[in-house]
Amino acid sequence: MENRASMLARLFVLMGLVILLPVAISLQMVRVSVLEGSGLRELWSSQAIDSIPIPAERGAIYDRNGKLLASNHVRCHVAVDPNVPGADPARFEEIAGILAAYSGQDMGTYLERIRSAGSRSRYVVLDRSVSMAACDELELLSDRSLILEEQYKRRYHFGNLSAHLLGYVDHQMSGVTGLEAFYDDALRGEDGVQQVRRDRANRIFSYVGAPKQPPRMGYSLKTTIDAHLQAVVEEELLLGVEKYRAESGTAIVMEPSTGRILAMANVPDFHPGDPAGAEPQFRRNRAIADMIEPGSTFKLVATVAAMEQNLVDPDEWFETPEDGRKMIYGQWMRDHDPLGKLTFRDAITKSSNIVFSEVAQRIDPDTYYQYARNMGFGTVTHVDLPNEKAGRLQKPYEWSGVTLPWMSIGYEVQATPLQILQAYAAFANEGVMMKPFIVEQVVDEHGQKIEDTVPSRVRSIAKKETIEKLIPMYEAVLSDSGTASWAAVEGLRIAGKTGTAQKWVDGRYTTRYRASFAGFFPVEDPLYAVLVLLEEPKVSYYGGFTSGSVFREIASRITGMDPTVRSVLQDAVVNVVEDSLRLFPNLRGLTREEAEARLEALGMKTLGMQADWKASWMANEEGEDVVESYRFRHFESSEMMIMEQSPVPGEPIGDQRLTFIWEPKPSVLRGESESPHIVVPQLTGLSVRAASAIAREAGLQVALQGSGTVVSQFPSAGEWMKPGRTIALRGNRTLISRLAGAER
Amino acid sequence: MIYTSKNSDLSSILGSTPDELETKGRGSDRVLLVSVVMLMMIGSLSVYSAIAYFAQSYGQPAGSFITGHLIKLGMAFVVMLIVSKMDYHFLARLSKPMLLVSWGLLIFVMLYGETVFGARRSLSVGGLSFQPSSLAAVSLILYLSTLIISKQEYIKDFKRSFVPAMVWTSITCLLIALEDFSSAALLMVISMALLFVGRMHLMQIGVLILVGILGAGGLIFSSAERTARVEQYLEQIVTVQSGEIAQGEGYQSQQAQIAIAQGGILGVGIGKSTQRDFLPAPYNDFIYAIIAEEYGLIGSGVVLFLFVVILFRGFVKIAAKAKDQLGLLLATGATLYITLYGFVNAAVAGGLFPVTGLPMPFVSYGGTGMIFAGVMTGILLNISKGVHPNNQPFYIG
């Protein structure tokens, strides 16, 4: 038993030693957890906590009436990780199948992308932009290899409409050109931040209760552009380019009293959602980026200078050579036809180069230069668009002997189309030149004003009296004896000037021409200054015939659209319009087939209907009240409906074309999804009527407040809703009945 | 009679029949049983949480892993119950052949075994992986106890007692050490404790410890991996590394300490561990860090306390009151086997010991070690049933 006692003694000694371990561990735990805890916890934050940006939505671009020109929609970016543990190659076929069904691409291309990826690849992009409906279906697969990301994509509501003005964005949603680039900082917004958890493999998880800073949506632009007018101008310009077989065309409409650009169009154009689909030269905004020799429209400078300096009297007689050409310092200067003996007044009307070169030589070069400079040539207009060119105006000491006579008729000088129009707008505005601008207001997402553009006066180009004397002469250009009789609109007083310039190619003037017309109306109180420019028209090089005709179409349609212009029409014409009393029907919300049916029901026959984007119809047989044609401009597929029409419903039918602005049907917007939920379409910016039609077609009830243009909607675009639920829309106008009923 | 002339004394020790013993029995130790069950429950919760990330990165639900763990726990519990019904004298008789078989298995595994985390330790039999080192450890503890008790009469004799005991111990530890140094070292410590309690000459043990330290030093410096570990260890023991995220050797320790610091006093909550994403094998080697993170100092303290309870019950209530010397020594070995693994695992998590990869018995994700911890608990329970005839009450504190 002595042994046992000894063993017990040693046992307790051993226990005493062993017990030191838990004691030491306890102390160490307290040391690590409490005493050294903060440093270690900081380490934890540095390795396990990260923050990721929440992308801010880019601001929208509106026209002057609040119509959406550019906004965003949520698209899905689809990638796979073919080597994730547990990935099943058999699922790839399923994924590709779903993508193919939504994108219309071949299933094989998707599978090929996976196959051709490196064997260690962990990220294979399958599709950068599919509809959210496709995304949802993919989500249902809950396949571990799928990497789905929601992304904002830019959406241009009217396709090619005002493409050059709007510009476009790159794949990172940064503006590349146009307003998108010029106002990129404002449109961009500020990304938010979300805290996320990160694991050892740098994978990121969001977690409940994670602090986050919401993104600030980019500011929206309210532009001076009138989408109706823009559509009209683009359409007429396109027609002109086609009709006169021109290479390209540019047209600008400006409000002379303020400098607002109401429309700016170039043909050919492109789709801002797919800029790569067009050749680079067609993406350039020629209205501000092309420096051209203006030709006869530039005679305005010499006219103003000579008249104001009293160097010429309008009724002074000039003799031109019988053969219509004259040698000046060894170069022949010609008139388009021999004009014989004529007054200075007639020289403007008939655009005599010989008379102008003579008058110009009376002007002191420095004075002439100053006038040209004052009228905006040789400097940028500072319009709010990127890449504007200043043109080229030689200084007098650079001149040769022939410079002044040639410059007086618009050669040896380069100007942008916008500069030419700016000069004519100043002419229209009693000699006061206004700075052209496009963005009226920058507003935040709640419509609060951030920045406001106030029309700004640049300078006066001439005395009011001089201008007043000149206007009748320029009005006469459109008379039967003038060079631009084709530009005249019956009953409407227009002043303007043609321009026909030989193009300088490879060091010499060629037989290729640039035809232009700059004018403004109504002369009583000019509301519109319009420039039309056609490059190399083949049918006739006379600016008056080609550009003048396009100008006339635009002017007449503006007359139809703008009651103020109509109010100053000569009585006779008003009566013609009033007599007809036939009114345009409402075709908004209809598809092409439905619209045709409606027109037909009203006794308006469709003539020469073509399957593609162009068709024309005429009024009933006995009526002269001709609605010539309507066009499917911006008509991209049969899945489109009429969102807006011009002229608007209820306007009397005059000598006008009916133009539609098309919009994808709501069913297209939601990606033809069979899903029980609906993606709420963006309805703000649309007319209340069109918005309601879209909402109803999408299967939603509509609760309306106000009328006019939708300024807010709830739920907002991109959210999910069950069919049959109610979407609330608020218009910008309150009904009079509602006002009357209001207590206060 | 299995054993022959050489160990003639052994037969006298093992002579008494089971029937004879059980007449004087008491109930098996309930406190020990409850402690083990509590450890199992806390362990299951923590493993379930810790395994989630691992399971996720392999694309499987955490449920499938936790089911495996629960099955192992069940097996360990059943084994424990079975062993507690078996007389430890019977096991002592079996211990020599068991040890020899385990040697064979160790050699076999070394040649043909599966590689797990850089070391060839396990053997797969019908889908279940099996680590012979655990069997070898348990067999050695059983056999060494038996050997020491059989040589009590001449226990201080170097040639007759010390040398044979050391031969068995060294060979076993060496075989284990070739692939699993930490387990071997721990087994060596337990063996020395047994020699100590078994009344071996202190001088001899002292020399042995010296030799052991020298040998361990040699082994440490024979492997670059081990040297790095030890260097890192010495550095971290002095100062808690909280300046920047450690790379390489210090990474695991530091991540475990971050987990403990994250847990604070009350813990981040059940299943809310984030360090499981950063710790390697959080369900096994670093389960204690996960417990500290999720349940705080309170939770980790409870686990540590349960092991201390096992230590007390094993030494004071079971070993000290065992009905014979074999019971005493076996209970000492079994208690040490369970608690030292637990303490070492906790000490590693706390950064007190270098990273060893030893599991925490009943808590870590199930493996062979858990089954043998069950065996050891069963032996303890069985010993606790008997009462020494001349039991002198002996209490501490």
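Proteins come first, then strands; the chains are lettered A, B, ... in the order of their sequence lines, and each starts at number 1.
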A.B. asks: What distance do Met29(A) atom CE and Leu352(B) atom CG have between them, rounded to the nearest 0.5 Å?
C.D. replies: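 It comes to 10.5 Å.
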A.B. asks: Side chain, backbone, both or neither: which part of Leu21(A) has an atom under 4.5 Å from a heavy atom of chain B?
C.D. replies: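 Side chain of Leu21(A) only, per the 4.5 Å heavy-atom cut-off to chain B.
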A.B. asks: Given a strict heavy-atom distance threshold of 4.5 Å, which part of Val34(A) is in contact with chain B: side chain, backbone, both, or neither?
C.D. replies: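 Looking at Val34(A), just its side chain touches chain B.
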A.B. asks: Side chain, backbone, both or neither: which part of Leu304(B) has an atom under 4.5 Å from a heavy atom of chain A?
C.D. replies: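 It is the side chain, since no backbone atom gets that close.
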A.B. asks: Counting only heavy atoms from other residues, nucleotides and ligands, does the tally under 6.0 Å from CD of Glu149(A) exceed 12?
C.D. replies: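 Counting neighbours around CD of Glu149(A), more than 12 heavy atoms of other residues, nucleotides or ligands fall under 6.0 Å, so yes.
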A.B. asks: Show the numbers, then the answer: is there a side chain to side chain contact (heavy atoms under 4.5 Å, CB included) between Arg4(A) and Gln152(B)?
C.D. replies: CA-CA 10 Å; Arg4(A) 184 181 172 87; Gln152(B) 277 303 307; over 6 Å; no
A.B. asks: Mark yes when over 12 heavy atoms from residues, nucleotides or ligands other than Glu93(A) sit less than 6.0 Å from its CD; otherwise mark no.
C.D. replies: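 No, not enclosed.
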A.B. asks: Heavy-atom distances under 4.5 Å only: say whether Leu336(B) touches chain A with side chain, backbone, both or neither.
C.D. replies: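 It is the side chain, since no backbone atom gets that close.
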A.B. asks: Which heavy atom of Gly350(B) sits nearest to which heavy atom of Val32(A), and what is that distance?
C.D. replies: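 Of all heavy-atom pairs spanning Gly350(B) and Val32(A), the closest is O-CG2, 3.8 Å.
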A.B. asks: Is it true that, when you exclude Arg115(A) itself, more than 12 heavy atoms of the residues, nucleotides or ligands shown sit nearer than 6.0 Å to its CZ?
C.D. replies: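 Result for CZ/Arg115(A): enclosed.
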A.B. asks: For the atom pair CD (Glu293(B)) and CH2 (Trp44(A)), what is the distance rounded to the nearest 0.5 Å?
C.D. replies: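 So the gap between those two atoms works out to 8.0 Å.
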A.B. asks: Which pair of non-hydrogen atoms, one from Arg31(A) and one from Ile237(B), has the smallest distance, and what is that distance?
C.D. replies: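 In this case the closest contact between Arg31(A) and Ile237(B) is NH1-O, 3.4 Å.
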A.B. asks: Taking side chain as everything from C-beta outward and backbone as N, CA, C, O, which of these in Ser46(A) sits under 4.5 Å from a heavy atom of chain B? Side chain, backbone, both or neither.
C.D. replies: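 Just the side chain, heavy atoms under 4.5 Å.
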A.B. asks: Nearest 0.5 Å, what's the CG-CZ distance between Leu195(B) and Arg10(A)?
C.D. replies: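 Between atom CG of Leu195(B) and atom CZ of Arg10(A) there are 10.0 Å.
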A.B. asks: If I measure from the heavy atoms of chain A, does Ile155(B) come under 4.5 Å with its side chain, its backbone, both, or neither?
C.D. replies: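 Interface part for Ile155(B): neither.
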A.B. asks: Between Gln28(A) and chain B, with a heavy-atom cut-off of 4.5 Å, which part of the residue counts as in contact: side chain, backbone, both or neither?
C.D. replies: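 For Gln28(A), the side chain is the part near chain B, not the backbone.
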A.B. asks: In Å, rounded to the nearest 0.5 Å, how long is the span from CD of Gln254(B) to CG of Leu40(A)?
C.D. replies: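 Atom-to-atom, Gln254(B):CD and Leu40(A):CG are 7.0 Å apart.
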A.B. asks: At a heavy-atom distance under 4.5 Å, which candidate from Phe305(B), Phe196(B), Phe307(B) has the highest pair count against chain A?
C.D. replies: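 Heavy-atom pair counts peak at Phe196(B).
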A.B. asks: Considering only heavy atoms, which portion of Phe353(B) lies under 4.5 Å from any heavy atom of chain A: side chain, backbone, both, or neither?
C.D. replies: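 Interface part for Phe353(B): side chain.
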A.B. asks: Hey, is Arg197(A) close enough to Asp277(B) for a salt bridge, meaning N to O under 4.0 Å?
C.D. replies: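 Salt bridge: yes.
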A.B. asks: What part of Leu297(B) gets closer than 4.5 Å to chain A, counting heavy atoms only: side chain, backbone, both or neither?
C.D. replies: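 For Leu297(B), the contact with chain A is made by the side chain alone.
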A.B. asks: Is it the side chain or the backbone of Leu328(B) that comes within 4.5 Å of chain A heavy atoms, both, or neither?
C.D. replies: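 The answer is the side chain of Leu328(B).
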A.B. asks: Considering non-hydrogen atoms only, spot the tightest contact between Phe278(B) and Gln47(A) and give its length.
C.D. replies: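 Of all heavy-atom pairs spanning Phe278(B) and Gln47(A), the closest is CZ-O, 3.5 Å.
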A.B. asks: Out of curiosity, Leu14(A) CG to Thr332(B) OG1, how far, rounded to the nearest 0.5 Å?
C.D. replies: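 It is 7.0 Å, given to the nearest 0.5 Å.
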A.B. asks: In Å and rounded to the nearest 0.5 Å, what is the CD1 to CZ distance from Ile19(A) to Phe343(B)?
C.D. replies: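 Rounded to the nearest 0.5 Å, the CD1-CZ separation comes to 6.0 Å.
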